[in-house]
Amino acid sequence: MDINIVKAAEILQSARYAIALTGAGISTESGIPDFRSRGGLWEKYDPAEYATIQAFCSDPEKVWRMLFDMSEITRNARPNPGHRALAELEKLGVLKHVITQNIDNLHQEAGSKSVIEYHGNASRLECLSCGEQYQREQFAAALLGERTPPRCGKCNEILKPSVIFFGETIPPDALARSQEAAQKADAVLVVGTSAVVYPAAGIPLIAKQNNAAIIECNTEHTGLTGYATDIFILGMAGTTLPELLRQIQSS
Ligand code: APR
Ligand code: ZN
């Protein structure tokens, strides 16, 4: 057993208030490419052209071409053992919350109850012009069949997924809840994020200011690793998180 997993298990077991911060890396084993690894989404779509709120407002049909590709991929995605291990750690009372940058709903589908959606959730849609809210299922045919951008039933504007584009602010409730959790945390499990996008990447640093232990699970070192991380667990989250769970359950 990797000594880092043994040490991480000890920290999480003795933690008073442990939280997790996840990024796209926890969902790659569910078939959803991340953003910045080789073959990631930003290799195919320039985020400056497709992922800013300005891009969406100026040419929503163009941004929906990327969104259709993303929903094709996420439509068949299911939680993997990494998501399920975090849900189990919450059930065991080890993890208080999962703060996720992901919009794929896989933590909720894996059974995590306290999920703070830092960048929103692609299963909801909203109208920027009249504020009407919708569930994605209401447009299943349009989204998966004809690939026509869904329109508001009230004002006929093209709808936007309720996810945070670059240039938008983090939902106030998610921001407040995650800052509060980070301030209270004495352990943060950082899984599958390159930790380059703020303010999400600042969450472990808030906890660190209160001497929280930072445990990082990733397939590569990140900007956090040499700076804030106390224990680095190298590997695929779908393998390392279940090992961490087993270590906690067996001791
Ligand atoms: N197990 C563990 N780590 C993994 C795995 C895996 N199976 N697969 C990839 N990773 C790691 C990569 O090494 C990388 O460090 O996950 C990280 C993914 O980084 P990004 O692609 O940058 O994704 P993320 O950190 O979530 O991006 C943050 O940027 O584009 C915006 O809004 C978008 O929420 C996203 C934010
Ligand atoms: Zn409307």
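For clarity, every value in this text was computed on a predicted model and none was experimentally measured. Numbering of residues begins at 1 and proceeds along the displayed sequence. We count ligands from 1, going down the list as the structure has it; atoms in each ligand are counted the same way. Computation of the quantities below employed the complete heavy-atom set of this structure, encompassing side-chain atoms and omitting hydrogens, waters and symmetry-equivalent molecules.
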- Task: Quickly, which of Q183, K184, R177 forms a side-chain hydrogen bond (donor to acceptor under 3.5 Å, both in side chains) with E180? Name it, please.
- Result: K184

- Does ligand 1 have any atom that is closer than 4.0 Å to a heavy atom of G235? yes

- Query: Does T219, backbone or side chain, put an N or O under 3.5 Å from an N or O of ligand 1?
  - Reply: yes

- Query: Is it true that D230 and K7 make a salt bridge, defined as a side-chain N closer than 4.0 Å to a carboxylate O?
  - Reply: no

- Task: If you have a sec, work out which protein heavy atom is nearest atom 11 (C) of ligand 1 and how many Å separate them, to one decimal?
- Result: N218 OD1, 3.2 Å

- Query: Side chain of N80, backbone of I26: donor and acceptor closer than 3.5 Å?
  - Reply: yes

- Cationic N near anionic O, under 4.0 Å, E137 to R124: no

- Message: Ignoring hydrogens and geometry beyond distance, is a side-chain donor-acceptor pair present between S114 and H97 at under 3.5 Å?
- Response: yes

- Without swapping roles, check the side chain of S112 against the backbone of Q108 for a donor-acceptor pair under 3.5 Å. no

- Message: Starting from atom 5 (C) of ligand 1, what is the nearest protein heavy atom, named by residue and atom, and what distance separates them?
- Response: G25 O, 3.2 Å

- Name the option, out of E29, R36, E220, M236, that contains the heavy atom nearest to atom 27 (O) of ligand 1. R36

- For atom 8 (N) of ligand 1, which protein heavy atom lies nearest, and how many Å away is it? T28 OG1, 3.0 Å

- Message: Using a plain distance cutoff, I'd like to know if S37 has any nitrogen or oxygen under 3.5 Å from a nitrogen or oxygen of ligand 1.
- Response: no

- Message: Among all protein heavy atoms in this structure, tell me which lies nearest to atom 35 (C) of ligand 1, with the distance rounded to 0.1 Å.
- Response: F35 CE1, 3.6 Å

- Message: Do T229 and E216 pair up side chain to side chain, a donor and an acceptor below 3.5 Å, judged on atom types alone?
- Response: yes

- Tell me which protein heavy atom sits closest to atom 28 (C) of ligand 1, plus the residue, atom name and distance to 0.1 Å. Q101 OE1, 3.2 Å

- Evaluate the side chain to side chain contact (heavy atoms under 4.5 Å, CB included) criterion for residues C152 and S129: first the C-alpha distance (whole Å), next the side-chain angles of each, then the deciding distance (0.1 Å), finally the verdict. CA-CA 9 Å; C152 177; S129 118; over 6 Å; no

- Query: Side-chain donor-acceptor pair under 3.5 Å between T22 and T100, yes or no?
  - Reply: yes

- Protein N/O/S atoms under 2.8 Å of the Zn ion (ligand 2)? C127 SG, C130 SG, C152 SG, C155 SG

- Message: Looking at ligand 1, is there an atom of it that comes within less than 4.0 Å of some heavy atom belonging to W42?
- Response: yes

- Message: Would G192 count as a polar contact of ligand 1, with the cut-off being nitrogen or oxygen pairs under 3.5 Å?
- Response: yes

- Task: Take the angle between the ring planes of Y45 and Y50 and call it parallel below 30°, perpendicular above 60°, tilted in between.
- Result: perpendicular

- Query: Can R75 and D104 be counted as an ion pair, charged N to O under 4.0 angstrom?
  - Reply: no

- Short N/O distance, under 3.5 Å, between A237 and ligand 1? yes

- Item | Closest approach of any protein heavy atom to atom 34 (O) of ligand 1, naming residue and atom | H119 ND1, 2.9 Å

- Message: Counting only nitrogen or oxygen atoms and a 3.5 angstrom limit, does T193 reach ligand 1?
- Response: yes

- Query: Closest heavy-atom contact between L189 and L12?
  - Reply: CD2-CD1, 4.4 Å

- Task: Give me the ring orientation class for Y134 and F139: parallel if the planes are under 30° apart, tilted from 30 to 60°, perpendicular past 60°.
- Result: perpendicular

- Message: Please check: side-chain N/O of T193 versus main-chain N/O of A195, any donor-acceptor pairing under 3.5 Å?
- Response: yes

- Task: For atom 22 (O) of ligand 1, state which one of S194, G23, G40 supplies the nearest heavy atom.
- Result: S194

- Query: Which residue and non-hydrogen atom of the protein lie closest to atom 9 (C) of ligand 1, and at what distance in Å?
  - Reply: D34 OD2, 3.3 Å

- N/O separation below 3.5 Å, A24 to ligand 1: yes

